[in-house]
Amino acid sequence: MSLDGTYDDGNIFAKILRGEMPSARVFEDEHVYAFMDVFPQARGHTLVIPKHSQARNLLEEDPQVLAPLILGVQRVARAVRAALKPDGLVITQFNGQPAGQTVFHLHFHIIPRWEGVALGRHAGGGMADPAELKDLAAQISAMIA
Ligand code: 5GP
């Protein structure tokens with residue numbers, strides 16, 4: 001899907017938000033939902049999405065939704081840092097399939113990095129163990145300030 005198109009509410013993140021698909025929840029408030037990526041590029045790879053949105057990407061988002069979303073990204077990124085003590089954090093966001101986007105509900109990736117540990121493939125690696133994701137989600141969740 002290029003930058004042009006319409007929102008499909010059958011996308012996987014919309015299903016997660018509606019409770020139709022399971023997810024390892026890290027945090028939620030009235031604006032945002034954060035959960036573990038099931039094909040993590042690194043241990044602790046977390047996604048943050050707006051709860052009330054039909055934007056496929058950043059360009060389409062209402063500024064009033066974007067403001068609390070980016071604050072949620074910062075809040076969760078701080079919790080990831082506190083819980084997992086990475087050496088760095090990559091925060092990414094893809095717009096359109098040619099740019100690498102695979103799920104068309106706006107989201108930010110928070111990817112912890114450690115010195116000497118290579119970054120896994122984007123949306124192409126192996127599926128994580130659900131029990132391990134649940135444990136990581138609990139560790140990060142405990143550090144939400
Ligand atoms: P994008 O490629 O759109 O930037 O990112 C989509 C992300 O969603 C990828 O990192 C991919 O691993 C993740 N993902 C795909 N399907 C699922 C799923 O069913 N559950 C979760 N938690 N993450 C998913």
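One-based numbering, in listed order, for ligands and for the atoms of each. Fair warning: this is a prediction, and the values are worked out from it, not measured in the lab.
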Quick check on [X]: does its [atom1] atom have over 12 non-hydrogen neighbours (other residues, nucleotides or ligands) under 6.0 Å away?
| X | atom1 | value |
| --- | --- | --- |
| Arg121 | CZ | no |
| Glu20 | CD | yes |
| Arg113 | CZ | yes |

Within reach of ligand 1, part of [X] (heavy-atom separation under 4.0 Å):
| X | result |
| --- | --- |
| Val103 | both |
| Phe94 | side chain |
| Phe35 | side chain |
| His107 | side chain |

*Could you list which atoms of ligand 1 come closer than 4.0 Å to a heavy atom of His122?*
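With His122 as reference, the close atoms of ligand 1 come out as 1 (P), 2 (O), 4 (O), 5 (O).
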_Out of all atoms in ligand 1, which are within 4.0 Å of some heavy atom of Gly100? Include the element for each._
2 (O)
Can you report which non-hydrogen protein atom sits closest to [atom], along with the distance?
| atom | result |
| --- | --- |
| atom 19 (O) of ligand 1 | Ile12 CG1, 3.4 Å |
| atom 2 (O) of ligand 1 | Thr102 OG1, 2.5 Å |
| atom 24 (C) of ligand 1 | Val38 CG2, 3.6 Å |
| atom 8 (O) of ligand 1 | Phe13 CZ, 3.3 Å |

Purely on distance, is any nitrogen or oxygen of [X] under 3.5 Å from one on ligand 1?
| X | answer |
| --- | --- |
| His109 | yes |
| Met36 | yes |
| Gln101 | no |

With distance as the sole test, does [X] use its side chain to make a donor-acceptor pair with the main-chain N or O of [Y] at under 3.5 Å?
| X | Y | answer |
| --- | --- | --- |
| Lys134 | Asp129 | no |
| His107 | His105 | yes |
| Ser53 | Lys51 | no |
| Gln41 | Gly120 | yes |

*Quick one: which of Asp37, Leu106, Ile111, Thr92 has a heavy atom closest to atom 12 (O) of ligand 1?*
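Nearest heavy atom to atom 12 (O) of ligand 1 lies in Asp37.
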*Can you tell which of Phe104, Phe39, Phe108 gets a heavy atom nearest to atom 15 (C) of ligand 1?*
Phe39
_Below 4.0 Å from ligand 1: does a non-hydrogen atom of Ser23 turn up there or not?_
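It does not; every heavy atom stays at 4.0 Å or beyond.
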*So, do Phe27 and Tyr33 have ring centers that fall under 6.0 Å from each other?*
no
*Any chance the rings of His45 and Phe39 have centres within less than 6.0 Å?*
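Here the rings of Phe39 and His45 have centres that are no less than 6.0 Å from each other.
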*Go through Thr102 and Gln97 one step at a time and tell me if the side chain to side chain donor-acceptor pair (under 3.5 Å) criterion holds.*
CA-CA 6 Å; Thr102 57; Gln97 198 165 40; over 6 Å; no
